Amino acid sequence: MDLSCEYVGIKLKNPIIVASSGLAENLKNMKKAEEHGAACVVAKSLFEEKICRISPTPRFEIIERKMGKLRSQTFYSFEQASPFDAHEYFEEIRKAVNTLSIPVIPSINCVTDEGWSQYARMAEGAGAPALELNVSCPHGSISFRGGDVEEKILSVAKIVRDSVKIPLIVKLPMQLSSPLSMAKMLERSGIDGVVMFNRLTGLDINLEKERPVLHEGYAGHGGPWAFNYVLRWIAASSPHLNISVAASGGVGSGEDIIKYIYAGANAVEVCSLIYLSGYEAIDMLLEQIKAFMERKSYPDFSQIKGKLSGKAILSNEQIDRRHLFKAQINQALCTSCGTCQKVCIYDAPYQSEKSYVISELCDGCGLCVKLCPVKAIEMVKWSEKA
Ligand SMILES: Cc1cc2nc3c(=O)[nH]c(=O)nc-3n(C[C@H](O)[C@H](O)[C@H](O)COP(=O)(O)O)c2cc1C
């Protein structure tokens, strides 16, 4: 089976890129990524700001969130920059480029025009096949400082484009007025690819201590919940771009990677999953991707790449708004717990002798079906309703 794909002019043996983070902080870690099957690594970002090179301890937290019956988690962290200085960083990149068989892409985050230009030239000099511009770090980045983020990103892109010839990738923040417009502007500036997206910056508060949690500042937060937002933008953007697009956010399974490819991604960057499960997670992702491709008899990605993007996603005008369905309770299964009645804003369910029943007031929204603890409710075609 051929899982290869093309990203900023580089052939990757599969779509999995280990995203910029401590997971690819040095040659030792990059080797682990390669051994477990990653097709490419993006090195931990080198920051021009020296203070960012020392991360506090501890720097990881898993924050649990509850909303009624829903549970979610955020992987919350404050791991800032590579601990290396610029010289050490690009020496490590040079070693990795010469040692590994997979592409090694450095990542830089600067505060001055000279810094962007100088680090980019050092990356090119170290033999990097491409360079990722981290203009989106949730701590200490352009986006964090406010102002006209889009203008600053374009200005950085232009400075670096004028400085080096290697393919350039801009890692976008989620907080943009239009990620597609931004990507289009970058395409016109000669940028070869975009990553959608870096993590968001968040905050949590320890109410007992009456202080922010962890290092008492803001922190990056992500998790499986990030996936759907990223997928939406990959699907909406990819048909309009002639440059590469890598998805980054919330990957938890091989199926997630497949979904990103359906949406049009050239490659997929994975980070949190590997932090939380070890580099073995890459083997698991590859097995799940292969299993899907085998089950569907696809020899490669050519038939699925971008299949569910752009016009394949219904527009507001195209959505079928007919009310064809109503909820119906299976009386044999209903335990009369009353959940359906409590959550119905149409006041449709009522208690009959044996169980709850859905009245004519049902709007067909389907929420009770999702919340019934014993799965006693189903949606039925209006005309078929008993
Ligand atoms: C601990 C940690 C460190 C990270 N460090 C960097 C970094 O140095 N540079 C960068 O561009 N992104 C960094 N990221 C963001 C990831 O590269 C990735 O884009 C993001 O976590 C979304 O992917 P995920 O949901 O698979 O984690 C980091 C993320 C985590 C969790």
Side-chain angles (χ1 to χ4, degrees), residues 15-26 29-30 33 38 40-49 52-63 72-84 89 93 105-110 119 130-144 153 156 169-174 193-202 214-215 219-231 233-234 245-254 256-257 259-260 265 267-277 279 281-282 285:
I16 303 177
I17 300 176
V18 171
S20 178
S21 62
L23 297 168
E25 179 173 284
N26 49 40
N29 284 0
M30 293 183 207
C40 177
V41 287
V42 182
K44 176 77 188 159
S45 297
L46 167 68
F47 276 46
E48 188 181 9
E49 275 176 303
C52 302
R53 295 176 188 168
I54 302 166
S55 293
T57 54
R59 50 183 167 273
F60 293 111
E61 182 71 86
I62 293 174
I63 298 175
S72 77
Q73 288 173 333
T74 278
F75 183 42
Y76 194 70
S77 66
F78 193 73
E79 180 201 274
Q80 275 203 293
S82 164
F84 293 142
Y89 184 86
I93 294 290
I105 299 177
S107 162
I108 57 172
N109 180 309
C110 298
Y119 285 6
L131 174 65
E132 200 173 275
L133 308 180
N134 175 0
V135 293
S136 49
C137 173
H139 358 271
S141 74
I142 290 175
S143 54
F144 186 67
I153 292 175
V156 166
I169 303 148
V170 173
K171 188 168 187 181
L172 295 172
M174 286 193 192
V194 288
V195 180
M196 289 179 172
F197 299 97
N198 211 320
R199 309 212 296 166
L200 287 168
T201 308
L214 204 61
H215 57 300
H221 79 114
W225 54 265
F227 175 79
N228 304 86
Y229 177 78
V230 181
L231 187 65
W233 276 109
I234 298 285
V245 188
S248 171
V251 166
S253 69
D256 291 342
I257 292 181
K259 287 179 191 178
Y260 276 141
V268 180
E269 296 196 352
V270 184
C271 181
S272 299
L273 172 70
I274 308 172
Y275 266 97
L276 298 171
S277 321
Y279 290 87
I282 305 168
L285 292 173

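Ligands are counted one by one from 1 in listed order, and the atoms in each one are counted from 1 as well. On a predicted model such as this, the values are computed, not experimentally measured, just so you know. Start at 1 with the first residue, then count along the sequence.
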Could you tell me whether the side chain of N109 reaches within less than 4.5 Å of the side chain of V135, counting heavy atoms only?
-> no

Side-chain heavy-atom pair V251, Y260 within 4.5 angstrom cut-off = yes

Ligand 1 and [X], any nitrogen or oxygen pair closer than 3.5 angstrom?
| X | value |
| --- | --- |
| S20 | yes |
| C271 | yes |
| S77 | no |
| G250 | yes |

Numbered atoms and elements of ligand 1 in range of [X], under 4.0 angstrom, heavy atoms:
| X | answer |
| --- | --- |
| S272 | 24 (P), 25 (O), 26 (O), 27 (O) |
| F197 | 19 (O) |
| S248 | 18 (C), 19 (O), 20 (C), 22 (C), 23 (O) |
| K44 | 3 (C), 4 (C), 5 (N), 6 (C), 7 (C), 8 (O) |
| N134 | 9 (N), 10 (C), 11 (O) |
| S21 | 3 (C), 4 (C), 5 (N) |

Polar side-chain atom of [X] near backbone of [Y] as donor-acceptor pair, under 3.5 Å:
| X | Y | result |
| --- | --- | --- |
| Y76 | L214 | no |
| T74 | I63 | no |
| N29 | G22 | yes |
| Y89 | K44 | yes |

Non-hydrogen atoms of [X] versus ligand 1: any pair closer than 4.0 Å?
| X | result |
| --- | --- |
| G249 | yes |
| F227 | no |
| N198 | yes |
| G220 | no |

Apply the side chain to side chain contact (heavy atoms under 4.5 Å, CB included) test between E132 and each candidate in P106, S20, S45; give the one that qualifies.
->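 Among the candidates, only S20 passes.
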
Report the C-alpha separation of L46 and R53 in whole Å, then their side-chain angles, then the decisive distance to 0.1 Å, and conclude whether the side-chain contact (heavy atoms from CB on, under 4.5 Å) test is met.
-> CA-CA 8 Å; L46 167 68; R53 295 176 188 168; 4.2 Å; yes

For Y279 and I274, which heavy atoms make the closest approach, and how far apart are they?
->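 Looking at all heavy atoms of both residues, the closest pair is CA-CG2, 3.7 Å.
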
Do F75 and R199 pass the side-chain contact (heavy atoms from CB on, under 4.5 Å) test, and can you show the C-alpha distance, the side-chain angles, and the key distance before you say yes or no?
-> CA-CA 10 Å; F75 183 42; R199 309 212 296 166; 3.9 Å; yes

Between E269, M196, K171, which one has a non-hydrogen atom sitting closest to atom 16 (C) of ligand 1?
->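 Considering heavy atoms of E269, M196, K171, the nearest to atom 16 (C) of ligand 1 sits in K171.
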
